[in-house]
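Here the structure is a predicted model, which means the values were calculated and not measured. Excluded from the calculations below are hydrogen atoms, water molecules and symmetry mates; all remaining heavy atoms, backbone and side chain alike, are included.
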Amino acid sequence: MTAGIGVETAVSDEGLFIPLIDFSHFLHGTAEEKQACAKAIVSGFKDAGFIYLKNHGIPEETVKDLFQKSAEFFKRPQSQKESLAWYSARANRGYSTFGREKTTRLTSKSDVDTLREMSPDLKESFEIGRSDQPEYPNLWPDMLDTAGAEFRANMEAFFHTGNKMHIKVMQAIAMGLGIEENWFDSYCRSADNTLRLLHYPGAKKEVLGSGDDDEAAQGGSGNKPKAVRAGAHTDYGTITLLFQDSAGGLQVLSPSGVYVDATPIPGTIVVNAGDLLARWSNDQIKSTEHRVVKPPSQPVLVQGEDGQTEEWYPARYSCVYFCNPDFSSFIEAIPGTYGGDKGERKYPGVKCEDYMVDRLQSTYA
């Protein structure tokens with residue numbers, strides 16, 4: 001543990017160290033504690049691309065209610081969910097059924113389409129964006145019943161909660177990078193973020209794979225792999241706030257090339273840096289590959305309809321808040337991340353909207 005600021009170990013395996021950081025020191029600590037916490041956060045992003053935050057300020061009951069409402073939504077009849085279908089990469093809102101999205105490191109749409117045919121991700125999702133864009137409306141089940149109206153109210157409230165957390169973490173990153181604490185604020189005024197609800201259904205042991213054969217398929221092996229819940233990929237934006245249940249299955253790529261379990265820790269948020277933040281920081285910060293595969297726990301025995309006993313992995317739920325700069329922003333290397341010993345800028349500037357839409361278009365069928 002780092003003295004005074006509550007840095008512990010969340011994951012340590014295969015050369016991968018992911019810190020568990022007490023975020024209350026940034027939110028409520030002294031100037032020295034705040035600075036030390038910010039540096040620990042940036043150090044975690046530079047070394048692993050991932051951190052865990054505890055004492056982050058989002059009440060446990062708020063997260064519990066979020067998961068409850070999410071599970072209730074996914075139990076709706078398929079026809080109701082399909083009536084709210086995801087409709088465009090620019091909007092990035094609505095419901096995606098099993099197999100529609102394929103998360104992968106590949107960027108060519110044709111390559112992703114081929115991989116999707118071989119190994120579709122075993123998940124369904126629901127995307128929610130900011131509510132003040134009539135040209136890109138959120139799709140809600142509030143017209144269906146009272147529970148749908150309650151779902152909408154809960155999700156709209158949590159969208160704002162996630163955005164506040166986004167701004168605080170970006171302020172910590174700014175301080176840890178040695179620039180003004182509010183440097184990112186002007187890039188985060190519109191909340192062009194996405195709240196994503198995810199349901200990975202229970203699966204038979206023989207259906208759900210470890211992810212290694214999915215990896216081989218991404219490399220062009222041509223062999224049909226077992227299903228994964230989410231193929232190996234990096235995230236696209238600045239940071240991702242992950243709220244996960246206790247099922248497990250998230251793995252992060254280690255420096256040795258081995259995927260390591262990122263075990264759920266109650267009361268924490270897993271935060272990882274995305275590709276756009278890595279680009280923005282001139283690669284000082286890492287965007288690390290990760291995936292969701294069969295959980296580390298043993299499958300449970302379930303009696304099938306034919307009376308035979310089968311081995312099943314339980315369902316997994318997660319709620320993910322993808323954070324982005326304002327889509328109108330022009331992103332180029334942060335001051336202090338280039339020049340002198342740090343080298344030149346590695347990437348040309350890019351408009352956030354163009355970058356994000358291009359990445360999303362290759363992901364969905």
Peer 1: Kindly write out the residues that satisfy ring pair (Phe, Tyr, Trp, His ring centres under 6.0 Å) with Phe151, not counting sequence neighbours, or none if the list is empty.
Peer 2: Phe73, Phe126

Peer 1: Evaluate the side chain to side chain donor-acceptor pair (under 3.5 Å) criterion for residues Ser329 and Glu353: first the C-alpha distance (whole Å), next the side-chain angles of each, then the deciding distance (0.1 Å), finally the verdict.
Peer 2: CA-CA 8 Å; Ser329 296; Glu353 179 179 9; over 6 Å; no

Peer 1: If you define the side chain from C-beta out and look only at heavy atoms, does anything of Gln361 sit under 4.5 Å from Val357?
Peer 2: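 The answer is yes; the side chains approach within 4.5 Å.
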
Peer 1: Could you give the distance from CD1 (Ile21) to CD1 (Ile269), rounded to the nearest 0.5 Å?
Peer 2: 12.0 Å

Peer 1: Knowing that exactly one of Glu14, Glu289, Gln251, Arg291 qualifies, which makes a side chain to side chain donor-acceptor pair (under 3.5 Å) with Tyr259?
Peer 2: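 Among Glu14, Glu289, Gln251, Arg291, the one meeting side chain to side chain donor-acceptor pair (under 3.5 Å) with Tyr259 is Glu289.
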
Peer 1: Can you check whether Gly129's main-chain N or O pairs, donor with acceptor, with Asn138's side chain at less than 3.5 Å?
Peer 2: yes

Peer 1: Below 4.5 Å, heavy atoms only, C-beta onward: do Gln284 and Ile334 meet side chain to side chain?
Peer 2: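 No, too far: nothing below the 4.5 Å cut-off.
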
Peer 1: Donor-acceptor pair, distance only, cut-off 3.5 Å: does the side chain of Asn282 make one with the backbone of Tyr338?
Peer 2: no

Peer 1: Do any pairs count as a salt bridge (Lys or Arg N to Asp or Glu O under 4.0 Å) and have a residue in residues 313-336, sequence neighbours left out, and if so which ones?
Peer 2: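 Matches after skipping sequence neighbours: Glu332-Arg345.
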
Peer 1: Do Cys188 and His166 have side chains that get closer than 4.5 Å, going by heavy atoms?
Peer 2: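 Cys188 vs His166: side chains touch.
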
Peer 1: If you round to the nearest 0.5 Å, how far is CG of Asp132 from CD of Glu135?
Peer 2: 8.5 Å

Peer 1: Is it true that His56 and Phe23 have ring centroids separated by less than 6.0 Å?
Peer 2: no

Peer 1: Between atom OG of Ser43 and atom CD1 of Ile285, what is the distance when rounded to the nearest 0.5 Å?
Peer 2: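 Answer rounded to 0.5 Å: 10.5 Å.
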
Peer 1: With the threshold set at 4.0 Å, does a side-chain nitrogen-carboxylate oxygen contact exist between Asp22 and Lys54?
Peer 2: no

Peer 1: OG1/Thr194 to CG/Asn324 distance, rounded to the nearest 0.5 angstrom?
Peer 2: 6.0 Å

Peer 1: In terms of hydrophobic clusters joined by side-chain contacts under 4.5 Å, are Val258 and Val252 together?
Peer 2: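 As far as the 4.5 Å side-chain criterion goes, Val252 and Val258 are not connected within one cluster.
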
Peer 1: Can you check side-chain contact (heavy atoms from CB on, under 4.5 Å) on Leu198 and Val320, steps first, answer last?
Peer 2: CA-CA 8 Å; Leu198 281 158; Val320 191; 3.8 Å; yes

Peer 1: Does Phe45 reach the side chain of Val271, with side-chain heavy atoms less than 4.5 Å apart?
Peer 2: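 They are in side-chain contact.
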
Peer 1: State whether the side chain of Glu156 and the backbone N or O of Ala153 hold a donor-acceptor pair below 3.5 Å, judged by distance alone.
Peer 2: no

Peer 1: Verify ring-ring contact (aromatic ring centres under 6.0 Å, His included) between His290 and Phe50, making sure each step is shown before the conclusion.
Peer 2: CA-CA 10 Å; His290 51 286; Phe50 274 76; 5.3 Å; yes

Peer 1: Identify the two heavy atoms, one from Tyr313 and one from Ser297, that lie closest to each other, and give their separation to 0.1 Å.
Peer 2: CE2-O, 3.5 Å

Peer 1: Between Phe322 and Tyr236, does a ring-ring contact (aromatic ring centres under 6.0 Å, His included) hold up when you go through it step by step?
Peer 2: CA-CA 9 Å; Phe322 293 105; Tyr236 305 153; 8.0 Å; no

Peer 1: Please report the C-alpha distance between Gln35 and Lys39 in whole Å, then the side-chain angles of each, then the deciding distance to 0.1 Å, and finally whether the side-chain contact (heavy atoms from CB on, under 4.5 Å) criterion is met.
Peer 2: CA-CA 6 Å; Gln35 182 70 55; Lys39 287 185 176 180; 3.5 Å; yes

Peer 1: Measure from NZ or CZ of Arg90 to the centre of the six-membered ring of Tyr136, then state whether that distance is under 6.0 Å and the direction lies within 45° of the axis.
Peer 2: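 Yes, Arg90 and Tyr136 form such a contact.
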
Peer 1: Let's go through Asn163 and Arg130 carefully: what are the C-alpha distance in whole Å and the side-chain angles of both, what is the deciding distance for side-chain contact (heavy atoms from CB on, under 4.5 Å) to 0.1 Å, and is it a yes or a no?
Peer 2: CA-CA 10 Å; Asn163 187 50; Arg130 52 189 276 204; over 6 Å; no

Peer 1: Set out, in order, the CA-CA distance, both residues' side-chain angles and the distance that settles ring-ring contact (aromatic ring centres under 6.0 Å, His included) for Phe243 and Tyr317, then state yes or no.
Peer 2: CA-CA 9 Å; Phe243 303 84; Tyr317 291 88; over 10 Å; no

Peer 1: Does the Ser254 side chain pair with the main chain of Leu16, one donor and one acceptor, at a distance under 3.5 Å?
Peer 2: no

Peer 1: Do Val292 and Tyr200 pass the side-chain contact (heavy atoms from CB on, under 4.5 Å) test, and can you show the C-alpha distance, the side-chain angles, and the key distance before you say yes or no?
Peer 2: CA-CA 9 Å; Val292 183; Tyr200 306 91; 3.9 Å; yes

Peer 1: Is a side-chain N or O of Tyr321 found less than 3.5 angstrom from the main chain of Phe159, in a donor-acceptor match?
Peer 2: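 Answer holds: yes.
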
Peer 1: Are Leu241 and Leu53 packed together at the side-chain level, in the sense that at least one heavy-atom pair is separated by less than 4.5 angstrom?
Peer 2: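 Result no, sub-4.5 Å side-chain heavy-atom pair not found.
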
Peer 1: Answer yes or no: does atom CD of Glu180 have more than 12 heavy-atom neighbours from other residues, nucleotides or ligands under 6.0 Å?
Peer 2: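 12 or below, so no.
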
Peer 1: Working to the nearest 0.5 Å, report the span between NZ of Lys351 and OG of Ser328.
Peer 2: 7.0 Å

Peer 1: Working note: Glu310 + Lys204, criterion salt bridge (charged side-chain N to carboxylate O under 4.0 Å, His left out); need CA distance, chi angles, decisive distance, verdict.
Peer 2: CA-CA 7 Å; Glu310 302 173 328; Lys204 291 182 181 180; 3.4 Å; yes

Peer 1: Testing Phe330, Tyr347, Phe184 one by one against Trp280 for a ring-ring contact (aromatic ring centres under 6.0 Å, His included), which residue passes?
Peer 2: Phe184

Peer 1: Quick check against the 3.5 Å criterion: does Asn182 have a side-chain atom that pairs as donor or acceptor with the backbone of Asp185?
Peer 2: no

Peer 1: Which salt bridge (Lys or Arg N to Asp or Glu O under 4.0 Å) pairs, counting each pair once, include a residue from residues 272-283, with sequence neighbours left out?
Peer 2: Asp275-Arg359, Asp283-Lys346

Peer 1: State, yes or no, whether a side-chain contact exists between Leu250 and Asp261 at a heavy-atom distance under 4.5 Å.
Peer 2: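 The answer is no; the side chains never approach within 4.5 Å.
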
Peer 1: Answer yes or no: is there a side-chain heavy-atom contact under 4.5 Å between Leu84 and Pro141?
Peer 2: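 Yes, their side chains come closer than 4.5 Å.
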
Peer 1: For Glu60 and Lys64: C-alpha separation, side-chain torsions, deciding distance, then whether salt bridge (charged side-chain N to carboxylate O under 4.0 Å, His left out) applies.
Peer 2: CA-CA 6 Å; Glu60 181 180 348; Lys64 182 179 178 181; over 6 Å; no

Peer 1: Quick check: are there more than 12 heavy atoms from other residues, nucleotides or ligands sitting under 6.0 Å from CD of Glu344?
Peer 2: no

Peer 1: From Ile239 CD1 over to Asn272 CG, what is the distance, rounded to the nearest 0.5 angstrom?
Peer 2: 9.0 Å

Peer 1: Has Thr268 got a side-chain atom pairing as donor or acceptor with Pro264's backbone, closer than 3.5 angstrom?
Peer 2: no

Peer 1: Could you tell me whether a side-chain N or O of Asp245 sits under 3.5 Å from a main-chain N or O of Ala247, the two making a donor and an acceptor?
Peer 2: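 Looks like yes, one N/O pair under 3.5 Å.
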
Peer 1: Would you say Phe17 and Ile41 are hydrophobically clustered, going by side-chain heavy atoms of ILVMFWY under 4.5 Å?
Peer 2: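 No, no single cluster joins them.
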
Peer 1: I'd like to know if Ile128 and Phe327 are part of one continuous hydrophobic network [Ile/Leu/Val/Met/Phe/Trp/Tyr, side-chain heavy atoms within less than 4.5 Å].
Peer 2: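 As far as the 4.5 Å side-chain criterion goes, Ile128 and Phe327 are connected within one cluster.
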
Peer 1: Show your working on side chain to side chain donor-acceptor pair (under 3.5 Å) between Glu82 and Tyr95 and close with a plain yes or no.
Peer 2: CA-CA 7 Å; Glu82 292 284 4; Tyr95 171 76; 5.1 Å; no

Peer 1: Using only atom types and a distance under 3.5 Å, with no angle test, would you say the side chain of His233 pairs donor to acceptor with the backbone of Gly231?
Peer 2: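 Pair found, side chain donor or acceptor close to backbone of Gly231.
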
Peer 1: Treating Lys81 as the side-chain partner and Phe74 as the backbone partner, does any N or O pair qualify as donor plus acceptor under 3.5 Å?
Peer 2: yes

Peer 1: Looking at Gln244 and Ser318, what are the two nearest heavy atoms and their distance?
Peer 2: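 For Gln244 versus Ser318, the nearest heavy atoms are CA-CB, 4.3 Å.
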
Peer 1: For residues Thr161 and Ile58, determine if any side-chain heavy atom of one lies less than 4.5 Å from a side-chain heavy atom of the other.
Peer 2: yes

